[in-house]
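Keep in mind that the numbers below use all heavy atoms, side chains included, and drop hydrogens, waters and symmetry copies. Everything numeric here is computed off the predicted structure, so don't read it as measured data.
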Amino acid sequence: MEPKVGSSNLPSCTKKWKNKKKFKPSKELPSGFIDRQEKELLIRDFVISNIKEVMIKYGFQYLETPSFEYTDSIGKFLPDKERPGEGVFSFEDENRWISLRYDLTAPLARYVAKNYNEIPKPFKRYQLGTVWRNEKPGPGRYREFLQFDADYVGTNNLQADAELCILISEILERCGLDKSDYIVNVSSRKFTDNLFKKLNIISDEQKTTTLRALDKIERLGWIEVQKLLGEGRKDKSGDYTKGANLKNDQIKIIEKALKNNEPDTEDVLEIINIFNAYNFKNYKFDPSIIRGLEYYTGPIFEVNLKFDVKNLKGQNIQFGSIGGGGRYDNLVSNFGNLDYPATGISIGLDRLVFALMQKKDFKFKSTRPIVICVFDKNNTKQYVEILNKLREANISSEIYPGEGKLKKQMEYANKIQSPGVIFYGDDEIKKAEVKFRNLKTGEEISVKIENLANEIKKFI
RNA sequence: GCACGAGUAGCUCAGUUGGUUAGAGCAGCGGUUUGUGGAACCGAAGGUCGGCAGUUCGAAUCUGCCCUCGUGUACCA
């Protein structure tokens, strides 16, 4: 992008100097970045704790890699070779380009290549971390989000692939979803490879366009996808997408292959056998799932929610999958090490949390403090005495942190959804009693200091 | 990236043949009540009308460019 010359496009830092008095820092956030509030964070914590338990149960190691990597460590393997470097946040650091990671798989490949001699083989690791993508945000999609990844590195055994699907299901169900709320779709890159042979498609461009079109079946339906396989399609905003230019008889072959809906590649058949051995049933063979175009080499999976998701305005939105993965046998060998097959799966945690918030009414124990009202600052010592009693009993509590009348203090307590307030003014101090007002019921009790913690515990 | 829509007080929004000093509800602040929240009443305050330029005697309103948000679409590791 060329910087424009002229006062209207001066960067804000320049404006600041030009007009010191008027300058106000922006309260807006950069596009695609958001603040996250307690409710969402608590549900996210809940999801994370489920993930960790399941991962330990399945025998995975916990790993953390840094946010930044050298751009060529992760960038050279960008599947979209048409515009390398785009889509990631990068800057030059001491003459070398570094980038914020855009997923956890590329850093894993780098980690494995770097620690090739030390790691167990096969290597099973899981990772939770923020990733960044420099692209247009969409409904429930931001430019910074939390991802969970579980990978098996160094094994061709398809039991690994099957277990990934099973463990992800276990995580979802622990988080409160029913079997009817989600489905694990399974396919294989080999299915489309076979299809291309049948169709006699050799050109990479046509392959890519065809795959992209097939990927849209769930969202657009077969009729629209047919247009994308043929000449092209105009969407309802009037935008036109060029198609793959397949001939009608070729499209018919694809239609037949999709309708058949029976897995005909050995890898998928074997995975299904393993699913049976585990008595895992919540999957479907779906040849229309595509995933990363040049990245995956074998089985691929995608987890989709089956309920409607709404945005903040209450409109239903195209939510897409909440996770997926597959087998990527070339990623580690790109670093020069020997062939090292791998398979992995990931969940977009923020999107899962967004959907969970709508599906389930989560009730958490109050995290809000009991508020000790301040009648007279000279009595701080007495207030601290009460405060310590509560905090020693592990009860969230605070002395009113502001200034002002009792009414104001009550309004504050109400606003933060405090379970109750404590009155310890002159009257109570004389009687050596504490008054506790339950803010939910309005009920008020007087108790001796030594019984206070136990009495309050009954209410929270 | 492309297309369509939107941007007016902290929030939700009124505000058209362009016309004085830009409105309301809620929230916030002060008071009625200096020891009791969620209710009521009263009062004051709050705005570069997203930004910059243009047309005009006069622009929230018309035009252009830009920014941001939303939705779809493209791309998606």
Side-chain angles (χ1 to χ4, degrees), chain A residues 1 4 6-12 15 19 21-24 26-32 34 74-75 77-84 86-88 101-109 131-139 141 147 149 208-209 212-213 215-216 219-220 224 228 232-242 290-296 311-313 315-318 320-321 324-326 328 331 344 346 348 371 373-376 404-418 420-428 435-442 444:
Chain A
M1 218 192 287
K4 301 267 167 60
S7 62
S8 61
N9 285 301
L10 285 174
S12 56
K15 271 186 185 162
N19 200 342
K21 270 186 187 168
K22 270 196 169 176
F23 173 78
K24 274 187 217 160
S26 172
K27 65 195 172 196
E28 305 304 328
L29 285 166
S31 173
I34 55 161
I74 50 171
F77 313 118
L78 283 173
D80 188 352
K81 285 174 181 151
E82 289 152 25
R83 22 164 226 172
E86 269 195 40
V88 294
R101 62 185 175 206
Y102 56 85
D103 72 2
L104 299 177
T105 312
L108 171 69
V131 301
W132 295 265
R133 293 186 187 175
N134 191 2
E135 60 192 22
K136 182 192 175 271
R141 296 184 67 164
Q147 209 171 50
D149 263 51
T208 306
T209 316
R212 284 174 184 160
D215 199 21
K216 295 177 177 64
R219 184 155 47 89
L220 303 177
E224 296 302 310
L228 287 169
R233 169 181 182 262
K234 202 183 214 177
D235 68 54
K236 63 181 172 187
S237 69
D239 198 18
Y240 187 78
T241 311
K242 239 181 98 183
I290 301 298
R291 307 297 300 172
L293 295 186
E294 295 183 42
Y295 194 94
Y296 293 115
N311 68 5
L312 297 176
K313 288 179 180 168
Q315 308 161 300
N316 277 342
I317 52 174
Q318 288 291 348
S321 72
Y328 51 97
L331 214 54
S346 58
V371 176
C373 293
V374 175
F375 293 88
D376 182 350
K405 291 187 236 177
L406 195 55
K407 180 185 164 84
K408 208 175 163 184
Q409 303 190 29
M410 297 291 288
E411 281 167 356
Y412 164 79
N414 190 51
K415 184 85 184 177
I416 64 166
Q417 296 182 321
S418 162
V421 295
I422 280 173
F423 303 120
Y424 195 50
D426 288 340
D427 300 349
E428 288 81 10
K435 206 183 269 176
F436 173 72
R437 183 181 174 96
N438 182 330
L439 283 180
K440 273 197 192 111
T441 61
E444 231 169 72

> Does any donor-acceptor pair link the side chain of A:Asn414 with the base of B:G38 at a separation under 3.5 Å?
Replying inline: no
> Between the base of B:G38 and the side chain of A:Lys440, is there any donor-acceptor pair under 3.5 Å?
Replying inline: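 Looking at the base of B:G38, it does not pair with any donor or acceptor on the side chain of A:Lys440 (distance under 3.5 Å).
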> Quick one: CG on A:Asp427 to NZ on A:Lys435, what's the gap to the nearest 0.5 Å?
Replying inline: 7.0 Å
> In Å and rounded to the nearest 0.5 Å, what is the CD to CG distance from A:Glu444 to A:Leu439?
Replying inline: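 Here the rounded value is 9.5 Å.
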What is the pairing partner of [N], taking Watson-Crick or G-U wobble pairs with both distances under 3.5 Å in any strand?
N     : value
B:U34 : none
B:C4  : B:G70
B:U48 : none
B:C29 : B:G43
B:C76 : none
B:A22 : none
B:C62 : B:G54

> In chain order, what residues pass the salt bridge (charged side-chain N to carboxylate O under 4.0 Å, His left out) check against A:Arg141, with sequence neighbours excluded?
Replying inline: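 Here the qualifying residues are A:Glu135.
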Roughly how many Å is it from [atom1] in [X] to [atom2] in [N], rounded to a whole number?
X        : N     : atom1 : atom2 : value
A:Arg141 : B:G72 : CZ    : C1'   : 14 Å
A:Lys136 : B:A74 : NZ    : P     : 12 Å
A:Ile290 : B:C75 : CD1   : P     : 12 Å
A:Lys234 : B:C4  : NZ    : P     : 12 Å
A:Arg212 : B:A74 : CZ    : P     : 11 Å
A:Leu439 : B:A39 : CG    : P     : 14 Å
A:Phe436 : B:G37 : CZ    : C1'   : 13 Å
A:Lys408 : B:G31 : NZ    : P     : 9 Å

[N], OP1 or OP2 - any side-chain N/O from [X] closer than 4.0 Å?
X        : N     : result
A:Arg133 : B:C76 : no
A:Ser31  : B:C69 : yes
A:Lys216 : B:C76 : no
A:Arg101 : B:A77 : no
A:Arg219 : B:G72 : no

Excluding sequence neighbours, so at least two apart, what forms side-chain contact (heavy atoms from CB on, under 4.5 Å) with [X]?
X        : result
A:Asp149 : A:Leu104, A:Thr105, A:Arg125, A:Gln147, A:Asp151, A:Ser346
A:Ala109 : A:Leu331, A:Val332, A:Phe335
A:Thr241 : A:Leu228

> With a 4.0 Å cut-off on heavy atoms, is A:Leu220 in touch with a base, just the backbone sugar-phosphate, or nothing at all?
Replying inline: sugar-phosphate
> NA contact type, A:Gly324, heavy-atom cut-off 4.0 Å: base, sugar-phosphate, or nothing?
Replying inline: nothing
> Between B:A9 and B:U16, how far is it from one C1' atom to the other, in whole Å?
Replying inline: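 Here B:A9 and B:U16 have their C1' atoms 23 Å from each other.
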>> Applying ring-ring contact (aromatic ring centres under 6.0 Å, His included), can you list everything that pairs with A:Tyr328, at least two apart in sequence or on another chain?
In response: A:Tyr295
>> Between A:Glu411 and A:Lys415, is the side-chain contact (heavy atoms from CB on, under 4.5 Å) condition met? List the steps.
In response: CA-CA 6 Å; A:Glu411 281 167 356; A:Lys415 184 85 184 177; over 6 Å; no
Distances for protein N/O vs nucleotides 33-36 of chain B N/O pairs under 3.5 angstrom?
residue: B:G35; atom: O6; partner: A:Asp426; partner atom: N; Å: 3.3
residue: B:G35; atom: O6; partner: A:Asp427; partner atom: N; Å: 3.0
residue: B:G35; atom: O6; partner: A:Asp427; partner atom: OD1; Å: 3.4
residue: B:G35; atom: O6; partner: A:Asp427; partner atom: OD2; Å: 3.3
residue: B:G35; atom: N1; partner: A:Glu428; partner atom: OE1; Å: 2.9
residue: B:G35; atom: N1; partner: A:Glu428; partner atom: OE2; Å: 3.2
residue: B:G35; atom: N2; partner: A:Glu428; partner atom: OE2; Å: 2.6
residue: B:U36; atom: O2; partner: A:Arg437; partner atom: NH1; Å: 3.1
residue: B:U36; atom: O2; partner: A:Glu444; partner atom: OE2; Å: 3.1
residue: B:U36; atom: N3; partner: A:Glu444; partner atom: OE2; Å: 3.1
residue: B:U36; atom: O4; partner: A:Lys435; partner atom: NZ; Å: 3.2

